[in-house]
Student: 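Take this structure, written in structure tokens, and hold onto it; I'll ask about it next.
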Amino acid sequence: MKSAGSRASRGRGAPRKKDGEAEGAVSVSPTYLEIYAAVERVPCGCVATYGQVARLAGLPGRARQVGYALHALPPGSPIPWQRVVNARGEISLPGASAERQRRLLRAEGIEFDERGRINLRRFGLPG
DNA sequence: ACTGTGACTTTCA
DNA sequence: ATGAAAGCCACAG
């Protein structure tokens, strides 16, 4: 059952591990986890802005960190990062990545206008 | 420890 | 509508 999971006491009582990720998996800061959790809360067929995600994560005003956290997401992560766009309803990713995100959103029913923008009034978070 | 950078937001002109 | 400035914080060098 535990399979050598009790390795927390390693010298100092530092719950903060920075060894990349040994075996457990807990290596990222709680802030990132909150951000990822908030993104997962975004319902399918809807998009949220970085500011909204930050707020859902309990980090009002830290929209920038949301972008950084999503950028740090590994490929194939279960986090629907594509549902996060900027406050203008536009994709903040550079060229190629933007098209990739746009395709994913379109697959979820999100519509884009000629300028490549999303109507947050329709596809934004309810409320 | 310090500096620069960034998938940002909001406000003001 | 566009643009600049300030605010915000984590990570990398």
Side-chain angles (χ1 to χ4, degrees):
Chain A
M1 311 285 211
K2 51 208 41 203
S3 71
S6 342
R7 204 160 290 171
S9 305
R10 194 212 297 245
R12 295 172 210 105
R16 201 86 61 124
K17 74 207 310 266
K18 46 109 177 229
D19 213 70
E21 62 260 357
E23 49 255 54
V26 187
S27 54
V28 302
S29 249
T31 305
Y32 275 45
L33 295 178
E34 289 296 322
I35 292 172
Y36 298 146
V39 175
E40 280 195 337
R41 282 177 208 153
V42 179
C44 183
C46 288
V47 295
T49 68
Y50 293 93
Q52 285 175 340
V53 171
R55 196 188 244 231
L56 288 173
L59 307 166
R62 293 171 204 180
R64 222 166 194 167
Q65 248 47 335
V66 174
Y68 203 99
L70 292 179
H71 184 253
L73 274 174
S77 66
I79 310 298
W81 57 269
Q82 54 270 18
R83 291 180 196 158
V84 186
V85 296
N86 63 21
R88 295 180 292 186
E90 204 169 60
I91 294 176
S92 298
L93 286 162
S97 302
E99 288 186 31
R100 183 164 55 242
Q101 178 174 8
R102 193 172 124 178
R103 186 172 60 77
L104 289 168
L105 289 176
R106 263 209 147 251
E108 298 198 357
I110 307 298
E111 296 178 26
F112 290 79
D113 62 7
E114 294 78 8
R115 290 188 299 156
R117 286 178 36 175
I118 303 170
N119 189 338
L120 297 179
R121 298 286 199 177
R122 287 184 58 199
F123 301 102
L125 283 176

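Proteins come first, then strands; the chains are lettered A, B, ... in the order of their sequence lines, and each starts at number 1. Fair warning: this is a prediction, and the values are worked out from it, not measured in the lab.
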Student: What are the residues of residues 70-80 of chain A, sorted by number, that bring a heavy atom to within less than 4.0 Å of DNA chain B?
Tutor: A:L70, A:H71
Student: Taking N or O atoms only and anything under 3.5 Å, show me the protein contacts with nucleotides 1-3 of chain C, one pair per line.
Tutor:
none

Student: What pairs meet the side chain to side chain donor-acceptor pair (under 3.5 Å) rule with one or both residues in residues 84-93 of chain A, with sequence neighbours excluded?
Tutor: A:N86-A:S92
Student: Once salt bridge (charged side-chain N to carboxylate O under 4.0 Å, His left out) is applied, what residue pairs with a partner in residues 30-44 of chain A remain, sequence neighbours excluded?
Tutor: none
Student: Judged by atom type as modelled, is there a donor-acceptor pair below 3.5 Å linking the side chain of A:Y36 to the main-chain atoms of A:A69?
Tutor: yes
Student: Would a single hydrophobic cluster contain both A:L59 and A:L125, if residues Ile, Leu, Val, Met, Phe, Trp and Tyr are joined by side-chain heavy-atom contacts under 4.5 Å?
Tutor: no
Student: With 3.5 Å as the limit, what N/O pairs link the protein to nucleotides 9-11 of chain B?
Tutor:
residue: B:dT9; atom: OP1; partner: A:A87; partner atom: N; Å: 2.6
residue: B:dT9; atom: OP2; partner: A:A87; partner atom: N; Å: 3.0

Student: If I take atom CZ from residue A:F123 and atom CD1 from residue A:I110, how far apart are they, to the nearest 0.5 angstrom?
Tutor: 5.5 Å
Student: Considering only the P atoms, how many Å lie between B:dA7 and C:dG7, rounded to the nearest integer?
Tutor: 22 Å
Student: Going by salt bridge (Lys or Arg N to Asp or Glu O under 4.0 Å), name the residues that satisfy it together with A:R83, two or more places apart in sequence or in a different chain.
Tutor: A:E108
Student: If the condition is side-chain hydrogen bond (donor to acceptor under 3.5 Å, both in side chains), which residues does A:T31 pass it with, not counting sequence neighbours?
Tutor: none
Student: I'd like to know if the side chain of A:E111 reaches the main chain of A:N119, judged simply by a donor and an acceptor atom lying under 3.5 Å from each other, with no hydrogens or angles considered.
Tutor: no
Student: Got a sec, which pairs hit side chain to side chain donor-acceptor pair (under 3.5 Å) with one end in residues 43-69 of chain A, sequence neighbours left out?
Tutor: none
Student: Mind checking the CZ-CD spacing from A:R103 to A:E99? Nearest 0.5 Å is all I need.
Tutor: 10.0 Å
Student: A:R115: what forms a side chain to side chain contact (heavy atoms under 4.5 Å, CB included) with it, not counting sequence neighbours?
Tutor: A:D113, A:R117
Student: Please enumerate all residues that pass side chain to side chain contact (heavy atoms under 4.5 Å, CB included) together with A:A98, with sequence neighbours excluded.
Tutor: A:I91, A:L93
Student: Going 5' to 3' along nucleotides 8-13 of chain C, which nucleotides have protein heavy atoms under 4.0 Å from the base (write B), which only from the sugar-phosphate (write S), and which from neither (write -)?
Tutor: BBBS--
